[in-house]
Number of protein chains: 2
Amino acid sequence: MHILTAEARTHYLEKYPIDDFFSFDINPYLEVRQFDKGEWIFQEGSFPDTVYYMIEGKAKLYMTHKNGKVSLIEYLEAPLFMGEIELLNEARYTKGIQTVTKTICYSITQSCKEKLLADALFLRRLCVFLGEKATKMTSKYTQNQAYPLENRLAAFIQLSADQGVYKEKHTEICEYLGVSYRHLLYVLAQFCDERILEKRKTGYQIIDKNRLAQLAQEVL
Amino acid sequence: MHILTAEARTHYLEKYPIDDFFSFDINPYLEVRQFDKGEWIFQEGSFPDTVYYMIEGKAKLYMTHKNGKVSLIEYLEAPLFMGEIELLNEARYTKGIQTVTKTICYSITQSCKEKLLADALFLRRLCVFLGEKATKMTSKYTQNQAYPLENRLAAFIQLSADQGVYKEKHTEICEYLGVSYRHLLYVLAQFCDERILEKRKTGYQIIDKNRLAQLAQEVL
DNA sequence: TAAAAAATATGAGATATCTCACATTATTGT
DNA sequence: ACAATAATGTGAGATATCTCATATTTTTTA
């Protein structure tokens, strides 16, 4: 991670204005930070003392279970807050966040914590963010229980396919969808058998869009 | 549902003070409402125009999937907010909430919406509530993926057992744990086989507390 | 209090998903 | 460019979980 200054800082602050998040001047408390691909923004189990607002990039939120299993809980895509729960509750330790791409964040030091927690403008935005987060987690959670991988994968392929080609890393997706690598491959193979997908060098080509949509549409 | 007035209202407002949630006088906007056991507080799919703060009682949060499956998402136990997300986002339709016991709630009409959304005191409390909700859903969600029913049920029995006796409705619990009724019964039978539980008229008696704890402790 | 509805119970067979073992390609760091 | 590491791919066998059918008991309601 390194801190951007001068032109770079100004560049981002102009491109992604953040003044209207606060009713006081946030500039003295704000840094523009860049994380390289693969860097950890929060180490799992640490006690962060910074709130981040990611403006560019993509990251993954992880947690490790007692039994050693690691869950990729979700993909985080800009714009979003990170470490905001730790701002509200004292000494809350965090889950792990690792960048997937180069990532630019605004960091806000806890030295203005009091101001933040008294600022209705900021709090309101935080409420909306947290509410959406809760809603999103709830729906993802309930879906996973209610549908087999066949349906969830179909929905995911629709979402993530680019120009009719699905091309994601199996190792990541199986974690994200909460199934074993083996099983993911089984279901992909099954889709190929059924002529829904076709495996090519470039990735999996969608050849039966309708059938895929039909499988996916079960999932809301 | 009926609205409590006079002594009843005063009684609850004294027992569960709520003034310190707001920096303005909430009294003109507040009603004390009572829901009977089994009543629906929110009908699934409706657009609620009231924020509730449940002060006594217990309810269930449901959602129905496209495939007709119904998920019991969570048990709601006082104190907590309901309909708060709908306050923040316009026209958000809600999941279904049904009471399990007689329930007392403070209701706040949207006529003071502007005041609420400008009140840092209230917003801060809402943030904490939403943050906890998100965290809770996330951990429940990830656990369900990472552990078989054996472990999750053990944990749940520990939580819900009263005086060493587990006595819940199977029909509800299987929904809550996201498994079929049949499978829940299998695993309960298995616990009996293994002499962890013993089935009696009064419920399932825990006879091997250690083994149960061992199974449960896998789950964080 | 009889009939209807809900909850409990159990068997049998299917399916979704997992673990492990191992072989074969990419990708990446030095 | 080579070794190390990560990602891909596949088989075989186990286990977790589901669906459906059906019977019994308990609770609710007219």
Side-chain angles (χ1 to χ4, degrees), chain A residues 36-39 60 62 65 67-72 98 100-101 143-156 166-194 197-204 215 218-219, chain B residues 36-39 60 62 65 67-72 98 100 142-156 166-194 197-204 215 218-219:
Chain A
D36 292 327
K37 176 178 171 173
E39 255 192 287
K60 291 180 290 184
Y62 280 109
H65 294 269
N67 66 4
K69 265 196 196 176
V70 175
S71 296
L72 198 192
Q98 184 184 31
V100 175
T101 61
Q143 276 173 208
N144 264 34
Q145 289 207 159
Y147 299 95
L149 182 62
E150 184 176 37
N151 301 109
R152 289 181 286 135
L153 180 58
F156 184 74
Y166 170 78
K167 185 161 181 41
E168 301 286 330
K169 269 193 193 143
H170 301 332
T171 43
E172 279 190 359
I173 304 313
C174 65
E175 278 176 22
Y176 179 62
L177 294 174
V179 297
S180 67
Y181 180 87
R182 190 66 190 83
H183 191 53
L184 174 61
L185 273 273
Y186 267 134
V187 176
L188 279 172
Q190 175 195 319
F191 282 180
C192 291
D193 270 5
E194 295 170 4
L197 300 179
E198 194 171 270
K199 193 171 169 179
R200 305 192 180 159
K201 287 135 278 171
T202 50
Y204 290 82
L215 284 169
E218 303 270 321
V219 185
Chain B
D36 292 327
K37 175 177 172 175
E39 255 192 284
K60 291 180 290 183
Y62 280 106
H65 295 268
N67 65 4
K69 264 195 198 179
V70 174
S71 295
L72 198 192
Q98 184 184 31
V100 174
T142 44
Q143 276 172 210
N144 264 34
Q145 289 208 159
Y147 299 94
L149 182 62
E150 185 176 36
N151 301 108
R152 288 181 286 137
L153 180 58
F156 183 75
Y166 170 78
K167 184 160 183 41
E168 301 285 330
K169 269 191 195 148
H170 300 332
T171 43
E172 278 190 359
I173 303 314
C174 66
E175 278 177 22
Y176 179 60
L177 295 174
V179 296
S180 68
Y181 180 87
R182 190 64 190 87
H183 190 53
L184 175 62
L185 272 273
Y186 268 133
V187 176
L188 279 171
Q190 174 194 322
F191 282 180
C192 291
D193 270 4
E194 295 170 3
L197 300 179
E198 194 172 271
K199 193 171 171 181
R200 305 193 181 158
K201 286 136 280 171
T202 51
Y204 290 81
L215 285 169
E218 304 270 321
V219 185

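A, B, ... follow the sequence lines: proteins, then strands. Residue 1 opens every chain.
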Protein-nucleotide distance ([X], atom [atom1]; [N], atom [atom2]), rounded to Å:
| X | N | atom1 | atom2 | value |
| --- | --- | --- | --- | --- |
| B:Lys167 | D:dT26 | NZ | P | 11 Å |
| A:Gln98 | D:dA6 | CD | C1' | 13 Å |
| A:His183 | D:dT8 | NE2 | C1' | 18 Å |
| A:Leu177 | C:dT17 | CG | P | 11 Å |
| B:Tyr181 | C:dT10 | OH | P | 9 Å |
| B:Leu184 | C:dA7 | CG | P | 14 Å |
| B:Lys37 | D:dT29 | NZ | P | 10 Å |
| B:Asn151 | D:dA16 | CG | P | 10 Å |

For this session: Just call it for B:His170: base, sugar-phosphate, or nothing, with non-hydrogen atoms closer than 4.0 Å on any strand.
Result: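 Sugar-phosphate: the residue B:His170, judged by heavy atoms under 4.0 Å, touches backbone atoms but no base.
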Exercise. NA contact type, A:Lys199, heavy-atom cut-off 4.0 Å: base, sugar-phosphate, or nothing?
Worked result: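 Contact class for A:Lys199: sugar-phosphate only.
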Problem set entry | From B:Leu153 atom CG to B:Leu197 atom CG, the distance as rounded to the nearest 0.5 Å |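 Taking CG in B:Leu153 and CG in B:Leu197, the distance rounds to 8.0 Å.
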Problem set entry | Ring-ring centroid check B:Tyr204 B:Phe191, cutoff 6.0 Å |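 Between B:Phe191 and B:Tyr204, which both carry aromatic rings, the centre distance is not below 6.0 Å.
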Problem set entry | B:Thr171 vs C:dT8: side-chain N/O to OP1/OP2 distance below 4.0 Å |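 For B:Thr171, the contact criterion (side-chain N or O under 4.0 Å from OP1 or OP2 of C:dT8) is met.
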Exercise. More 5' along DNA chain D: A:Ala189 or B:Leu149, using each one's nearest nucleotide?
Worked result: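 The residue closer to the strand's 5' end, by nearest nucleotide, is A:Ala189.
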Problem set entry | Toward the 5' end of DNA chain D, by each residue's nearest nucleotide, A:Tyr186 or B:Val187 |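 The residue whose closest nucleotide sits nearer the 5' end is A:Tyr186.
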Problem set entry | Short side-chain to backbone donor-acceptor contact, A:Arg152 and A:Tyr147, under 3.5 Å |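 Looks like yes, one N/O pair under 3.5 Å.
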Exercise. Which nucleotide, D:dG9, C:dT19, C:dA9, lies nearest any side-chain atom of B:Leu185?
Worked result: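 Side chain of B:Leu185 sits closest to C:dA9.
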For this session: Among A:Leu185, A:Leu184, A:Val179, find the residue that satisfies the side-chain contact (heavy atoms from CB on, under 4.5 Å) test when tested with A:Tyr181.
Result: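 When side-chain contact (heavy atoms from CB on, under 4.5 Å) is applied between A:Tyr181 and each of A:Leu185, A:Leu184, A:Val179, only A:Leu185 qualifies.
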Problem set entry | A:Lys60/A:Glu172 ion pair, N-O < 4.0 Å |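 Yes, this pair counts.
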